[in-house]
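Take a look at the structure set out below.
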Amino acid sequence: MSTDRLRPTSDFDRLASAWLTEGPEELADRVLDAALREVHLTRQRRLRVPWRFLTMPALSRAAGVAAVAIVAIVGVGGIIYLNNAPGEPGAPTATPTPTTAPTPAPTEVAPGITAWTTYTSAIYGTTFGYPSDWSVRAPAVRDWQAGDAFPADELPYADKFVSPGEGNAQIGLIVWQMHVDVFTGTENLKALADKFCDEVVRSSCETFRQRAVPLDFSNGNHDGCAILVPTADQQYAFLSDRNSCLIREATSWITVVVVAREDDSPSAVRYGGSVELLKSIITTMNVWRPGQPPGR
Amino acid sequence: MVPTLVERAMAGDEEAFASLARGAGDRLLAIAYRILRDLGLAEDAVQQTLVLAWRELPELRDVDRFDAWLRRLLVHACYREARRGRRWAANVHALPVDGPVTPDTTVSVVVRDQLERGFRRLPPEQRAVFVFHHHLGLTLPEVADELGIPLGTVKSRLHYATNTLRAALEADLRSPIEASREHLA
């Protein structure tokens, strides 16, 4: 770091610097003591466990496949419908409380899922369900930050889940949120998804762009916009808390949900495919409510 | 070679970490308060940061960047505290109503109040950039490096923050007559 500190060059700068000198400068002992008590009870992260799914051949970088698989529901006419097509009854109602597992309507539940476990992210505050015979692989320990990679051996910014089984029989679920400010200059969700592919996934982005389709939530229990990008090996979905796909200043959050498995993988057959599985998971999400940011 | 405090803490030495925490605590609080503008939230952010730092410390790649790494953890803790939607403390600055009041004193108190109001309108991400630049005195590339965000993002956030605060100041500097005329125009 440079030792030449910035010197105010304008009246405003001088005013701002002077104003910012005001305020507390000393941490109370009780706060430090409380932190150290908690430190004493906290285990350090030491074991580097490779994210197995990302080393699987079907998910390898060499194959040009990002391990991010986002729930996507393929529809007709280029529109992806979540829950139901317009006019159909039986839309699931995800509850806002974390104590009750949201139960999708029978028509929305992928075959092979008999019960759900509710999960609330400690980092993002999002609540959603995952199949109860799955397990939490590792919770997110921090927010997504610009410069984070996906896929990667460690995904500290994501909540990660895994299905029963071993090796290629396993399916991974990866969920996190990104603040739109990370992708400056994007005016809508589609552009953000493109930029995500360019800057984070960095492979097969032409295919990525060609397959992107909007997801219609109009008959579901969510208000928001989603872009679905089904690919041969995985499906991407970018979910916004906004009622339109336009990105507004500063306060928008994008939810990314990934199912790490090909749609036609044998391990996904019991769910009707990875896409169907993703559809069911996303119907449990209360990541947004009208007028509120995700997770509130 | 004698291991540094950071290296010892990385190896699980709680006493070493406690020394680091005592050394960094005041600086962390100062930054957190200036971002969050609420002492309670700032203290919570600092506490979270210290615990997270302990947990994640073995993952630190460059021990010489411990302070910068810690500040980045703090900023993200501040973002979380801001998102929890807790009510901001009033932190009201009383304007002088009695006694001799010089024009300079009146302006400085009012300006402080306007800056506070304007600052509270900023999202935490813009506040962090503003604080790192104007309070810590970091250049924009240094801010980008510390926060782990692109330089363009830093410039954008600083631009919006500065505009918002300038507007808050300029609105106050306009005379009531001018403001009324503009309103009626």
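Lettering of chains follows the sequences in order, A, B, ..., and the numbering in each one begins at 1.
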Test side-chain contact (heavy atoms from CB on, under 4.5 Å) on A:Asp143 and B:Arg83 and set out the steps. CA-CA 12 Å; A:Asp143 290 345; B:Arg83 280 206 305 270; 3.7 Å; yes
For the pair B:Arg166 and A:Asp11, find out whether any cationic side-chain nitrogen is under 4.0 Å from an anionic carboxylate oxygen. no
On a heavy-atom basis, the closest approach of A:Ala16 and B:Phe130 is CB-CZ, 3.6 Å
Are the side chains of B:Leu28 and A:Leu27 in touch, meaning some heavy atoms are under 4.5 Å apart? no
Max heavy-atom pairs within cutoff under 4.5 Å with chain B, candidates A:Leu15, A:Leu36, A:Val39, A:Asp29, goes to A:Val39
Where do A:Asp13 and B:His134 come nearest, in terms of heavy atoms and distance? OD1-CE1, 3.1 Å
What is the minimum heavy-atom distance between B:Tyr33 and A:Pro24, and which atoms define it? CD2-CD, 3.3 Å
Heavy-atom distances under 4.5 Å only: say whether B:Val46 touches chain A with side chain, backbone, both or neither. side chain
Looking at B:His135, is its backbone amide N or carbonyl O close enough to the side chain of A:Ser17 to form a donor-acceptor pair, meaning the two atoms are under 3.5 Å apart? no
Would you please test A:His40 and B:Glu14 for side-chain contact (heavy atoms from CB on, under 4.5 Å) and show each step? CA-CA 7 Å; A:His40 183 64; B:Glu14 285 188 34; 3.0 Å; yes
So do the side chains of B:Leu50 and A:Glu38 get within less than 4.5 Å of each other, counting heavy atoms only? no
Any side-chain heavy-atom pair from B:Arg55 and A:Val141 closer than 4.5 angstrom? yes
Under 4.5 Å from a heavy atom of chain A, the part of B:Thr49 involved: neither
Side chains of B:Leu165 and A:Phe12: closer than 4.5 Å at any heavy-atom pair? yes
May I ask you to test the A:Glu25-B:Asp26 pair for a side-chain heavy-atom distance under 4.5 Å? no
State, with a plain yes or no, whether a side-chain heavy atom of A:Arg30 is found less than 4.5 Å away from one of B:Glu43. yes
Between B:Arg27 and A:Glu26 (salt bridge meaning N to carboxylate O under 4.0 Å), is one present in this structure? no
To the nearest 0.5 Å, how far apart are CD1 in B:Ile31 and CG in A:Leu20? 11.5 Å
Taking every non-hydrogen pair under 4.5 Å, which of A:Gly23, A:Pro156, A:Ala28, A:Ala18 racks up the most with chain B? A:Gly23
Do the side chain of B:Trp54 and the main chain of A:Thr42 share a donor and acceptor less than 3.5 angstrom apart? yes
Checking heavy atoms, do the side chain of B:Arg65, its backbone, both or neither come under 4.5 Å from chain A? neither
Keeping the roles fixed (side chain from B:Gln47, backbone from A:Leu32), state whether a donor-acceptor pair exists under 3.5 Å. no
Thinking salt bridges, do A:Glu22 and B:Arg34 make one under a 4.0 Å N-O criterion? no
Check whether any side-chain N or O of A:Gln44 sits under 3.5 Å from a backbone N or O of B:Ala9 as a donor-acceptor pair, and report yes or no. yes
